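Have a look at the structure below before the remarks.
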Amino acid sequence: MRQGILLYGPPAAGKDTVTAALTELDARYVPFTRLKIGSGKTRGYRMGTPEQLTDLEARGDVIYRNDRYGNIYVVDRPGLDQAMEGGRTPVVHLGQMVGMERVTALFPAHWVRVLLWCSKETTARRSSQRGDTDTAARLAAWDATRTDLAAHPRARWDLRVDTDTTAPREAVQRIDGVVRTTSPFS
């Protein structure tokens, strides 16, 4: 069975940092590059067109779509299939519980669910430090993430990591440990 990692958390909780550290730890970990239709930051995305999105939707290949910051972000079946080729383990970033539910329900794989969390103050500081021009929107998304999480008290997490108090290297070792101990291949 294929496997992947779902990183859930508010903006600037460390999803990019943890993903980069996972890829350094083991080459089988690969970042999942969501399809993005819109403008702004392109690094870490597969930039797409409205026509591509329409085609994916017509084929039923959109696993999850969210509209945020004036853009459309898509987790798509062909993208996940490609990311899992050769036994690779994609790391998927999500900030909405409905996305977590849809990916696990609509794309068969062994998914390790990780909650990365940080304080709102940390999101503000990290957002500013990384040069975001829309920090206010990121803070609104932090609030929405907290509300979303509170609305899903029975969400199952394989691991919870407070990135305010946990160094990236420690977080990655913990995540890798969970992946290795829960893997259908171990």
Side-chain angles (χ1 to χ4, degrees), residues 1-49 52-53 55-57 59-69 71-117 130 138 141 145 148 155-161 163 168 171-180 182-185:
M1 174 177 269
R2 301 181 293 183
Q3 64 179 358
I5 300 170
L6 298 175
L7 296 182
Y8 173 88
K15 293 182 287 290
D16 287 337
T17 300
V18 165
T19 300
L22 279 166
T23 63
E24 290 173 16
L25 177 69
D26 189 325
R28 73 185 163 131
Y29 296 122
V30 295
F32 175 73
T33 51
R34 285 180 294 163
L35 187 64
K36 178 179 179 180
I37 293 87
S39 60
K41 178 182 168 188
T42 59
R43 185 169 159 247
Y45 297 102
R46 292 175 290 130
M47 298 305 293
T49 65
Q52 284 175 296
L53 177 59
D55 289 346
L56 286 168
E57 289 173 332
R59 291 193 313 264
D61 282 339
V62 172
I63 302 292
Y64 177 64
R65 167 194 170 154
N66 73 304
D67 299 54
R68 186 165 275 176
Y69 314 122
N71 297 300
I72 300 169
Y73 302 90
V74 176
V75 176
D76 61 307
R77 189 175 318 283
L80 284 173
D81 283 335
Q82 182 177 13
M84 289 184 176
E85 286 177 358
R88 294 180 300 184
T89 302
V91 183
V92 180
H93 299 181
L94 292 165
Q96 302 80 27
M97 290 302 299
V98 67
M100 299 283 289
E101 293 166 353
R102 288 188 59 84
V103 170
T104 57
L106 299 177
F107 195 88
H110 173 74
W111 291 104
V112 172
R113 300 166 180 234
V114 180
L115 170 61
L116 294 182
W117 197 257
R130 67 186 189 187
R138 307 278 168 177
T145 305
D148 188 33
R156 182 182 64 79
W157 301 104
D158 296 298
L159 183 64
R160 297 170 188 242
V161 178
T163 63
V172 164
Q173 300 219 343
R174 290 172 59 194
I175 293 167
D176 182 61
V178 170
V179 170
R180 290 179 188 281
T182 64
S183 169
F185 306 111

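Computed from a predicted model, the values in this text were never measured in an experiment.
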> By side chain to side chain donor-acceptor pair (under 3.5 Å), which residues pair with Arg156, not counting sequence neighbours?
Replying inline: Asp158

>> Tell me every residue that passes side chain to side chain donor-acceptor pair (under 3.5 Å) with Asp81, counting only those two or more places apart in sequence or in another chain.
In response: Arg2

>> Could you tell me if the side chain of Gln52 sits less than 4.5 Å from the side chain of Asp55, heavy atoms only?
In response: no

>> Please determine whether side-chain contact (heavy atoms from CB on, under 4.5 Å) holds for the pair Tyr64 and Arg34, giving the CA-CA distance in whole Å, both sets of side-chain angles, and the decisive distance to 0.1 Å.
In response: CA-CA 10 Å; Tyr64 177 64; Arg34 285 180 294 163; over 6 Å; no

>> Can you confirm whether Gln3 sits close enough to Arg28 that some side-chain heavy atom of one is under 4.5 Å from a side-chain heavy atom of the other?
In response: yes

> Is Leu35 close to Leu56 at the side-chain level, that is, under 4.5 Å between some pair of heavy atoms?
Replying inline: yes

> Is there a side-chain contact between Leu53 and Arg65 (heavy atoms, below 4.5 Å)?
Replying inline: yes

> Under 3.5 Å, is there a donor-acceptor pair between the side chain of Arg160 and the main chain of Trp117?
Replying inline: no

> Which residues satisfy the salt bridge (Lys or Arg N to Asp or Glu O under 4.0 Å) test with Asp148, sequence neighbours excluded?
Replying inline: none

> How would you list, by chain and number, every residue that makes a salt bridge (Lys or Arg N to Asp or Glu O under 4.0 Å) with Arg138, sequence neighbours excluded?
Replying inline: Asp132, Asp134

> Checking side-chain contact (heavy atoms from CB on, under 4.5 Å) for the pair Leu94/Asn66: CA distance, chi angles, key distance, verdict?
Replying inline: CA-CA 10 Å; Leu94 292 165; Asn66 73 304; over 6 Å; no

> Can you check whether Thr145 reaches Tyr8 side chain to side chain, under 4.5 Å on heavy atoms?
Replying inline: yes

> Quick one: are Thr104 and Arg113 in side-chain contact, heavy atoms under 4.5 Å?
Replying inline: yes

>> Is it the case that the side chain of Lys15 and the backbone of Pro10 share a donor-acceptor pair, with hydrogens and angles ignored and the cut-off at 3.5 Å?
In response: yes

> Would you say the side-chain atoms of Arg180 pair up with the backbone N or O of Gly177, donor to acceptor, closer than 3.5 Å?
Replying inline: no

> Hey, does Phe107 have a side-chain heavy atom less than 4.5 Å from the side chain of Met84?
Replying inline: yes

> What do the steps show when you test Leu7 against Val91 for side-chain contact (heavy atoms from CB on, under 4.5 Å), and what is the final call?
Replying inline: CA-CA 7 Å; Leu7 296 182; Val91 183; 3.5 Å; yes

> Within a strict 4.5 Å, meaning less than it, do heavy atoms of the Leu159 and Val112 side chains meet?
Replying inline: no

Side-chain donor-acceptor pairs under 3.5 Å in residues 37-47, sequence neighbours left out?
unit_1: Arg46; atom_1: NE; unit_2: Thr33; atom_2: O; d: 2.7
unit_1: Arg46; atom_1: NH2; unit_2: Thr33; atom_2: O; d: 3.1
unit_1: Arg46; atom_1: NH2; unit_2: Asp76; atom_2: OD1; d: 2.4

>> So, using side chain to side chain donor-acceptor pair (under 3.5 Å) as the criterion, who are the partners of Tyr29 when residues are at least two apart?
In response: Asp176

